[in-house]
Amino acid sequence: MTDASTSASPFFTAVYEVVQRIPKGCVATYGQVAVLTGHPHSARYVGYALHSNPNPELIPCHRVVFRDGSLSPGFAFGGSECQRQLLEAEGVSFKPSESAVNAGESGWVVDLDVCQWQA
DNA sequence: TGGGTGACTTGCG
DNA sequence: ACGCAAGCCACCC
């Protein structure tokens, strides 16, 4: 089809829809978004959709984090530190990765216990 | 046209 | 406790 809408697949678009649905002051995990899109086993591709990020202004990728509460270091919008600033500005609670300090985390992770988005 | 890769997650050894 | 492997689906070359 010569339809221009063919540039976006249902899943791809669904990811954007879900991410935009994330309420301010909350965050969601790739797996969480994957389930909401209908592909609980395609969490990998959720990140890929954000990687495409055709609308960074409408798609707050910084609101999408890992299962641990942190996001991709270096591939994000500008840096994990910048993410903390943005999320914190939204009202998201942060906490030092004390549990993952041994794992070598970036240092700060989103307090999923308090700010993980509840569909 | 076909093959390879990837912002993940979970389970098993 | 940690490390490794598999699964998923669409995009890129």
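So you know, we letter chains A, B, ... as the sequences are listed, proteins then strands, and number each from 1.
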- Item | Counterpart residues, salt bridge (charged side-chain N to carboxylate O under 4.0 Å, His left out), relative to A/E17 (two or more places apart) | none
- Hey, quick one: are A/V35 and A/V33 part of the same hydrophobic cluster, counting side-chain heavy atoms closer than 4.5 Å, chains of contacts allowed? no
- Message: Looking at every heavy atom in both A/N53 and A/C61, which two are closest together, and how far apart are they?
- Response: ND2-SG, 2.6 Å
- Message: OP1 or OP2 of C/dC11 versus the side-chain N and O atoms of A/S9: is any pair under 4.0 Å?
- Response: yes
- Message: Roughly how many Å apart are B/dT5 and C/dA5, using the P atom of each and rounding to a whole number?
- Response: 15 Å
- Any link between A/V65 and A/F94 through a network of hydrophobic side chains (Ile, Leu, Val, Met, Phe, Trp, Tyr) touching at under 4.5 Å? yes
- Given atom OH of A/Y48 and atom C1' of C/dA10, what is their separation to the nearest angstrom? 8 Å
- Please state how far atom CZ in A/F11 lies from atom P in C/dG7, giving the value in whole angstrom units. 18 Å
- Task: Provide the distance between the two P atoms, one in C/dA6 and one in B/dG4, to the nearest whole Å.
- Result: 15 Å
- Item | Range on DNA chain B touched by chain A - first to last nucleotide, heavy-atom distance under 4.0 Å | B/dG6 to B/dT10
- Task: Following the transitive rule for hydrophobic clusters with a side-chain heavy-atom cut-off under 4.5 Å over Ile, Leu, Val, Met, Phe, Trp and Tyr, establish whether A/I22 and A/F11 coincide in one cluster.
- Result: yes
- What residues 26-46 of chain A contributes to the DNA chain C interface at heavy-atom separation below 4.0 Å is A/H39, A/H41, A/S42, A/R44, A/Y45
Would you tabulate the side-chain donor-acceptor contacts of residues 111-119 of chain A under 3.5 Å, counting partners in other chains and residues two or more places apart, or write 'none'?
unit_1 : atom_1 : unit_2 : atom_2 : d
A/D111 : OD1    : A/D113 : N      : 3.2

- Contact list for residues 55-66 of chain A, test side chain to side chain donor-acceptor pair (under 3.5 Å), sequence neighbours left out: A/R63-A/E90
- Task: Would you list the pairs meeting side chain to side chain donor-acceptor pair (under 3.5 Å) in which at least one residue belongs to residues 32-48 of chain A, sequence neighbours left out?
- Result: none
